[in-house]
> 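Handing you this structure, nothing more for now.
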Amino acid sequence: MTARLMGGAGIVLALLLAAAPASVAAQPAATSAGQCTTSLIGTPLTLPKFSEATQKRLDQDIEIARAALRIAPDREDSHIWLGRRLDYAGRICDAVDAFSDGLKTFPNSYKLYRFRARDLTRARQFDAALADYSKALELMGDTPDSFEPDGLPNPIGLTISTYRGNIVYYYAQTSFATGDYQSVVDGMAKSLALAADFARDDMRVPTAYWTYIAYRKMGEHAKARAAIDAIEPGLKLIENDIYYQAVQIMQGRLKPADVGATKDSTIKFAIAMERRFASDEAGAKALLAEIIAENAQGHWPSEAELAAPDRLPRR
């Protein structure tokens, strides 16, 4: 996670860091970038609490990224990594602002639009996020796809997702918030088709998760069952094991009790939605509220379900 500094550039960065003031905010930023202080149901949001060592590393990474931007403001990556480092620290609205600043210099950067879109979703600016994903795809055009560098590598350090694949996947996922469930289904299928062969199983699982939920929301229960039952037991995945557990709960192969007192939002959201689909509204609402309360920055899918369970896309 921490950048490696080498040679003369490392010396310059070290000098810049020594002169830079510490910048640890106690609360998330409240800016025009989005809704980062309250959830969609009005509960307060705060910055995540990390261990002292992790917080120190996150702060150092942000200062390194700021120093790199001062040295090389004419590099697209300088803007991208400042925004991404802010995102990892939970400073979502600050990240949106960083990507927006980068777009002033690089207005045709599909990468900056892609990353800003993800944080706009986290800042509950769903329509703006969808517009950014669409713009990213437009700007990408016929550019050959490439693997997206991981700032938080998986256990084996193997990047499995690409820029185009992520743009399509996250557009589909964000469409859940606006009630455009057909776009969820269509986008998940397209993103799976874009997956590299070695990562296909890893992508089959989360795409099935969101496809199932979208079909259930549309009342297409047979299609939902077919989508989720297509995921077989015994898959060996690189990084999507949590989604795999959630999928098995949806399939009925795992019971909620089998995952114990998990605090993982992906799993708990699956359980909450199964309660909703089984007409256990009280149980679903209680668990959705619990997911939001357990996460310092809330959980936008749960918030959308509580704030507007019958939402439909604006046409």
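Just so you know, these numbers come straight off a predicted model, no measurement behind them.
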> Taking all atoms of both residues into account, what is the closest heavy-atom pair of F147 and A196, and its distance?
CZ-CB, 4.1 Å
> Distance from I167 atom CD1 to D145 atom CG, nearest 0.5 Å?
8.0 Å
> Mind listing the closest non-hydrogen atom pair of C93 and A123 along with its distance?
SG-CB, 4.3 Å
> Nearest 0.5 Å please: distance from the CD1 atom of I238 over to the CD1 atom of I160.
5.5 Å
> Could you tell me whether the side chain of R164 and the main chain of T143 form a donor-acceptor pair under 3.5 Å?
yes
> Measuring only between side-chain heavy atoms, which start at C-beta, is I92 closer than 4.5 Å to D119?
yes
> Under the side chain to side chain donor-acceptor pair (under 3.5 Å) criterion, do N295 and S265 qualify, and how do the steps go?
CA-CA 8 Å; N295 288 276; S265 299; 2.9 Å; yes
> Between M188 and I231, is there a shared hydrophobic cluster once you connect ILVMFWY residues whose side-chain heavy atoms come closer than 4.5 Å?
yes
> Picking from K268, Q245, Q248, what satisfies side chain to side chain contact (heavy atoms under 4.5 Å, CB included) with V259?
Q245
> State, without any angle test, whether R311 and T178 hold a side-chain donor-acceptor pair at a distance under 3.5 Å.
no
> Kindly give the heavy-atom pair with the smallest separation between E148 and N166, and that separation in Å.
OE2-ND2, 3.0 Å
> Taking all heavy atoms of W81 and all of P149, pick out the closest pair and write down the distance.
CZ2-CB, 4.1 Å
> What I'd like to find out is whether the side chain of L86 reaches to under 4.5 Å of the side chain of R66, using heavy atoms alone.
yes
> Do we get R114 above F99's six-membered ring, with its NZ or CZ under 6.0 Å from the centre and within 45° of the axis?
no
> Is there a side-chain contact between C36 and Q297, using heavy atoms and a 4.5 Å cut-off?
no
> Consider only side-chain heavy atoms of I, L, V, M, F, W and Y, link residues closer than 4.5 Å, and tell whether Y171 and V184 are in one cluster.
yes
> Should we say atom CD of E232 is surrounded by more than 12 heavy atoms from elsewhere, each under 6.0 Å from it?
yes
> Could you tell me whether the side chain of Y243 reaches within less than 4.5 Å of the side chain of D202, counting heavy atoms only?
no
> Would you say L120 ends up clustered with Y88 if hydrophobic residues are merged whenever their side chains have heavy atoms under 4.5 Å apart, either directly or through other cluster members?
no
> Between W210 and Y215, is any side-chain donor less than 3.5 angstrom from a side-chain acceptor?
no
> Look at R204 together with D201 and state whether they make a salt bridge at an N to O cut-off of under 4.0 Å.
yes
> Please tell me if the side chains of S161 and Y169 come closer than 4.5 Å, counting only heavy atoms from C-beta onward.
no
> Count I, L, V, M, F, W, Y as connected when their side-chain heavy atoms are under 4.5 Å apart, and connections chain through other members. Are Y209 and L288 then in the same cluster?
yes
> I'd like to know if the side chain of T43 pairs up with that of S39 as donor and acceptor (distance under 3.5 Å, no hydrogens or angles considered).
yes
> Dump the intermediate steps for side chain to side chain contact (heavy atoms under 4.5 Å, CB included) on I271 and R275, then the final yes or no.
CA-CA 6 Å; I271 297 170; R275 290 181 181 179; 4.0 Å; yes
> Is it true that T54 and S51 share a donor-acceptor pair across their side chains at a distance under 3.5 Å?
yes
> What is the ring orientation for Y110 with Y163, classed by angle as parallel under 30°, tilted 30 to 60°, or perpendicular over 60°?
perpendicular
> With a 4.5 Å cut-off on side-chain heavy-atom distances among I, L, V, M, F, W and Y, is there a chain of contacts connecting V247 to L235?
yes
> Test side chain to side chain contact (heavy atoms under 4.5 Å, CB included) on I213 and F269 and set out the steps.
CA-CA 10 Å; I213 292 176; F269 186 68; 3.9 Å; yes
> Can you find a heavy atom in the side chain of R91 that is under 4.5 Å from one in the side chain of I62?
yes
> Identify the heavy atoms of R225 and Y212 that sit nearest to each other, and give their distance.
NH2-OH, 3.6 Å
> Answer yes or no: is there an ion pair linking K104 with D101, defined by an N-O contact shorter than 4.0 Å?
yes
> Contact between L45 and Q35 at the side-chain level, heavy atoms closer than 4.5 Å - yes or no?
no
> Got a second to check how far K111's NZ is from L103's CG, nearest 0.5 Å?
13.5 Å
> Evaluate the side-chain proximity of R276 to K285: yes if any heavy-atom separation is below 4.5 Å, no if none is.
yes
> Would R57 and F50 count as a side chain to side chain contact (heavy atoms under 4.5 Å, CB included) if you check the C-alpha gap in whole Å, the side-chain angles of each, and the deciding distance to 0.1 Å?
CA-CA 10 Å; R57 185 170 72 248; F50 299 103; over 6 Å; no
> Using modelled atom types only, decide if a donor and an acceptor are shared between the side chain of E303 and the backbone of L40 within a distance under 3.5 Å.
yes
> Report the C-alpha separation of K49 and L47 in whole Å, then their side-chain angles, then the decisive distance to 0.1 Å, and conclude whether the side chain to side chain contact (heavy atoms under 4.5 Å, CB included) test is met.
CA-CA 6 Å; K49 290 187 183 342; L47 289 176; over 6 Å; no
> Going by atom types only, do Q173 and R118 share a side-chain donor-acceptor pair under 3.5 Å?
yes
> May I ask you to check whether W300 and F126 place their ring centers less than 6.0 Å from one another?
yes
> What's the shortest heavy-atom distance between S78 and A68, and which atoms?
OG-O, 3.8 Å
